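Worth saying up front: this structure is predicted, and the values here are computed from it rather than measured. Per chain, numbering begins at 1; letters A, B, ... match sequence-line order.
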Number of protein chains: 2
Amino acid sequence: MESKDAVAALGALAQENRLEVFRMLVQAGPRGLPAGQIAERLKLASPTLSFHLAQLRHAGLVTVTRDGRSLIYAADYDGMNELMGFLTENCCAGDAAGCGVPVCEPAARTVVRRRSRGVTRQ
Amino acid sequence: MESKDAVAALGALAQENRLEVFRMLVQAGPRGLPAGQIAERLKLASPTLSFHLAQLRHAGLVTVTRDGRSLIYAADYDGMNELMGFLTENCCAGDAAGCGVPVCEPAARTVVRRRSRGVTRQ
DNA sequence: TCCATATTTTTATATATATGGAATTATTGA
DNA sequence: TCAATAATTCCATATATATAAAAATATGGA
């Protein structure tokens with residue numbers, strides 16, 4: 001991961017509404033949520049939400065797929081994990097015990113197959 | 001951690017120069033670095049660096065102690081780890097295996113005693 | 001006490017970002 | 001083909017942020 005990508009991802013998360021959106025998607029799991037449902041839950045005007053989702057998408061933090069009229073947004077866990085790895089990279093000059101950073105491998109990944117109707121737009 | 005604190009921390013990191021400063025301090029370890037040395041290594045004007053260090057400090061990502069004429073900045077590893085915990089909180093509705101997030105405990109912490117000359121200003 | 005060093009604070013200016021109304025595009029079902 | 005729904009893009013406005021020159025503060029040594 002490049003420094004510029006990390007700045008983009010951090011900038012995307014550094015906003016109250018977007019952070020809420022992202023955390024909602026992280027908690028929702030790989031199945032994601034339709035934009036309308038996010039807007040409703042967070043009481044955001046649709047152009048506002050659309051703007052924020054685009055930021056998160058360009059930053060590689062969420063993915064989108066169409067399902068009929070709805071666009072389904074989901075957290076991009078790979079993007080998130082890459083970002084966290086970048087922040088802690090080579091911490092304490094390699095002696096991670098100096099700063100309490102998790103040094104273990106990620107939990108074994110369960111692959112979730114998404115409904116494949118519609119076209120993916122990244 | 002509150003959402004507002006997370007936004008502050010992410011905003012502090014979402015800037016090219018500050019991200020560089022922070023990563024430099026993360027890699028430098030708990031002993032930290034004097035402001036002048038950071039400015040020199042990153043070729044930043046001192047008021048600019050000072051502004052950025054203040055942002056990181058207010059966001060709880062770095063600490064500062066005085067040593068003679070120098071102010072020594074160090075990464076605040078607790079702050080960083082809290083932030084990452086906040087982002088991944090309750091991911092996949094509790095089934096972390098769904099997204100490959102590290103679920104293990106942080107490495108055992110090695111406490112490093114800092115030189116106690118001067119006053120700590122947070 | 002005075003000077004040099006290290007760093008911060010103040011201030012001005014330039015630039016980037018957030019918001020929501022209005023118009024637009026895409027999809028489905030009648 | 002048309003109306004209804006879901007969401008986006010365009011636009012104007014308000015607000016926040018980054019930068020560095022100049023002035024101010026704190027420390028240590030002569």
| query | Can you tell me how far OH of B/Tyr77 sits from CG of B/Leu61, rounded to the nearest 0.5 angstrom? | reply | 12.0 Å
| said: If you define the side chain from C-beta out and look only at heavy atoms, does anything of B/Phe51 sit under 4.5 Å from B/Gln55? | reply: yes
| said: Just so I know, are the side chains of A/Ile72 and A/Arg31 near enough to count as touching, which here means a heavy-atom distance under 4.5 Å? | reply: no
Quick one: [X] [atom1] to [N] [atom2], roughly how many Å, whole number?
X: A/Arg69; N: D/dT8; atom1: CZ; atom2: P; answer: 15 Å
X: B/Arg66; N: C/dT8; atom1: CZ; atom2: C1'; answer: 10 Å
X: A/Lys43; N: C/dT19; atom1: NZ; atom2: P; answer: 16 Å
X: B/Asn17; N: D/dT17; atom1: CG; atom2: P; answer: 16 Å
X: B/Leu44; N: C/dT7; atom1: CG; atom2: P; answer: 13 Å
X: A/Ile38; N: D/dA7; atom1: CD1; atom2: C1'; answer: 12 Å
X: A/Arg18; N: D/dA16; atom1: CZ; atom2: C1'; answer: 13 Å
X: A/Phe51; N: C/dT17; atom1: CZ; atom2: P; answer: 8 Å

| Given the rule that I, L, V, M, F, W and Y join up when any side-chain heavy atoms are under 4.5 Å apart, are A/Val26 and B/Met1 in one cluster? | yes
| Hey, which of these two, B/Ala54 or A/Ala45, hits DNA chain C nearer its 5' end, going by closest nucleotide? | B/Ala54
| said: With nearest nucleotide decided by heavy atoms, which residue, B/Ala35 or A/His52, maps closer to the 5′ end of DNA chain C? | reply: B/Ala35
| note | Of D/dA7, C/dG20, D/dA26, the nucleotide closest to the side chain of A/Leu71 is D/dA7
| message | As a test of reading the structure: which of C/dA6, D/dA20, C/dT7 is closest to the side chain of B/Pro47, going by heavy atoms? | response | D/dA20
| How would you label the contact of A/Ser70 with the nucleic acid (heavy atoms, under 4.0 Å): base, sugar-phosphate, or nothing? | sugar-phosphate
| request: Going by the side chain to side chain contact (heavy atoms under 4.5 Å, CB included) test, name the single residue among B/Leu13, B/Leu83, B/Leu10 that passes it with A/Leu13. | output: B/Leu10
Could you tell me whether the phosphate oxygens of [N], OP1 or OP2, come under 4.0 Å of any side-chain nitrogen or oxygen in [X]?
X: B/Tyr73; N: C/dA6; value: no
X: A/Thr48; N: C/dT19; value: no
X: B/Gln15; N: C/dA16; value: no

| query | Is D/dA30 paired to anything, Watson-Crick or G-U wobble with both distances less than 3.5 Å, and if yes, which nucleotide? | reply | C/dT1
